[in-house]
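Structure record follows, encoded as structure tokens.
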Amino acid sequence: MACASIASACVWTLAHAQVDLYSLEAAYVYNFTQFTQWPAAHTSDPLAVCVNPRTELGAALAKLDGRTVSGRAWHVQPVPEGAAIAACNVLIIEDAASNAASKSASARDVPILVIRAAEADAGDGPSIVTLVRDGERLRFDIDNKEAARRRVALSSKLLRLARNVT
């Protein structure tokens, strides 16, 4: 069912959608987590989604607090600094602070699903999923090599829906 949600969201045009871009991005992020497996050592409850809570995307993601993903409660929290980044299961890159956190030594090899928001500067930090505006559509690219390096497994269903997989 979540796979169908991603597929239908991919074909919606932003010009005709009755939902704002940030709510749509939040729905994508939520669905990405449903098709992601973390190593057993990183599956404790809750599912920690780290994002800047003062952004529109952060606010849209916070509305999902309390939902469950594979039996784990969804919990949005501010992007931590330093070694505390290891407490994140998902890191949303949308500003300079979250981009710096993703490139930090403490985050380099941690199994975190790193997602770059559509409006984020491409920067030089690696991400697993990159949201992309494709004309009037919201699509996504996947760096499966980065996912494997971080020991995060993405479902083949999710890979098939991506615009590009590297």
Side-chain angles (χ1 to χ4, degrees), residues 1-38 42-81 84-102 107 110-123 125 127-142 147 150 152-155 157-158 161-163:
M1 178 150 176
C3 185
S5 298
I6 292 175
S8 65
C10 286
V11 297
W12 270 25
T13 60
L14 297 177
H16 296 100
Q18 295 299 314
V19 65
D20 69 276
L21 175 64
Y22 301 105
S23 295
L24 185 59
E25 284 187 23
Y28 271 55
V29 170
Y30 179 78
N31 283 317
F32 294 152
T33 63
Q34 293 183 346
F35 292 97
T36 301
Q37 286 186 311
W38 287 265
H42 294 275
T43 58
S44 61
D45 204 20
L47 184 88
V49 180
C50 299
V51 64
N52 181 346
R54 294 181 301 277
T55 64
E56 292 185 65
L57 179 55
L61 287 165
K63 291 178 184 176
L64 301 174
D65 260 355
R67 290 194 181 192
T68 58
V69 173
S70 300
R72 299 171 69 189
W74 174 280
H75 177 66
V76 173
Q77 60 189 44
V79 176
E81 294 181 18
I85 195 79
C88 299
N89 298 110
V90 180
L91 174 63
I92 309 300
I93 300 174
E94 59 176 334
D95 59 11
S98 56
N99 195 32
S102 75
V110 178
I112 300 173
L113 177 61
V114 180
I115 301 172
R116 186 171 304 280
E119 299 223 338
D121 181 16
S127 60
I128 295 174
V129 178
T130 302
L131 293 169
V132 179
R133 288 191 188 157
D134 185 11
E136 295 181 345
R137 295 181 179 159
L138 184 62
R139 305 284 307 271
F140 61 95
D141 296 333
I142 293 177
R150 287 183 173 273
V152 173
L154 303 175
S155 163
K157 292 177 185 178
L158 184 61
L161 293 173
R163 184 182 74 159

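If you're wondering where the values come from, they're calculated on a predicted model, not measured in any experiment.
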Positive for side chain to side chain contact (heavy atoms under 4.5 Å, CB included) with Y22, one of E56, E94, K63: E56
Distance col, row L113:CG vs L154:CG, nearest 0.5 angstrom, shows 6.5 Å
Less than 4.5 Å apart, any side-chain heavy atom of V129 and any of V114? no
Grab the two heavy atoms, one from A73 and one from D45, that are nearest each other, plus how far apart they are. N-OD1, 2.7 Å
In Å and rounded to the nearest 0.5 Å, what is the CD1 to CD1 distance from I92 to I112? 11.0 Å
What do the steps show when you test V49 against H75 for side-chain contact (heavy atoms from CB on, under 4.5 Å), and what is the final call? CA-CA 6 Å; V49 180; H75 177 66; over 6 Å; no
Taking D141's backbone N and O only, do any of them form a donor-acceptor pair with R163's side chain (distance below 3.5 Å, no angle check)? no
Take R133 and E119, measure what salt bridge (charged side-chain N to carboxylate O under 4.0 Å, His left out) needs, and give me the verdict at the end. CA-CA 9 Å; R133 288 191 188 157; E119 299 223 338; 2.5 Å; yes
Please name the pair of heavy atoms, one in L161 and one in R139, separated by the smallest distance, quoted to 0.1 Å. O-NH2, 4.3 Å
When you measure from the centre of the six-membered ring of W38, is the NZ or CZ of R72 closer than 6.0 Å and no more than 45° off the axis? yes
C50 side, atom SG; L61 side, atom CG - distance, nearest 0.5 Å: 11.0 Å
Regarding R67 and the six-membered ring of Y30, is the cationic atom NZ or CZ under 6.0 Å from the ring centre and inside 45° of its axis? yes
Can you find a pair of side-chain heavy atoms, one from V51 and one from V76, that are under 4.5 Å apart? yes
CZ (R116) and CG (L91) are apart, to the nearest 0.5 Å, by 9.5 Å
Counting neighbours of CD on Q77 that are heavy atoms of other residues, nucleotides or ligands and sit closer than 6.0 Å, is the number greater than 12? yes
Between T55 and N52, do the side chains contain an N or O donor and an N or O acceptor separated by less than 3.5 Å? no
Backbone of R137 reached by a side-chain donor or acceptor of D134 within 3.5 Å: no
About how many Å separate CG of L47 and SG of C88, when rounded to the nearest 0.5 Å? 10.0 Å
Would you sort out whether T33 and W74 count as a side-chain contact (heavy atoms from CB on, under 4.5 Å), showing the intermediate values? CA-CA 10 Å; T33 63; W74 174 280; 3.4 Å; yes
Quick one: pull up OG in S98 and CD1 in I115 and give me the separation to the nearest 0.5 Å. 11.5 Å
Side chain to side chain, L158 and F140, heavy atoms closer than 4.5 Å: yes
Assess the residue pair F32 and L131 against the criterion (side-chain contact (heavy atoms from CB on, under 4.5 Å)); give the C-alpha distance rounded to whole Å, side-chain angles, the decisive distance to 0.1 Å, and a yes or no. CA-CA 11 Å; F32 294 152; L131 293 169; 3.8 Å; yes
For the residue pair S127 and T130, confirm or rule out a side-chain donor-acceptor distance under 3.5 Å. yes
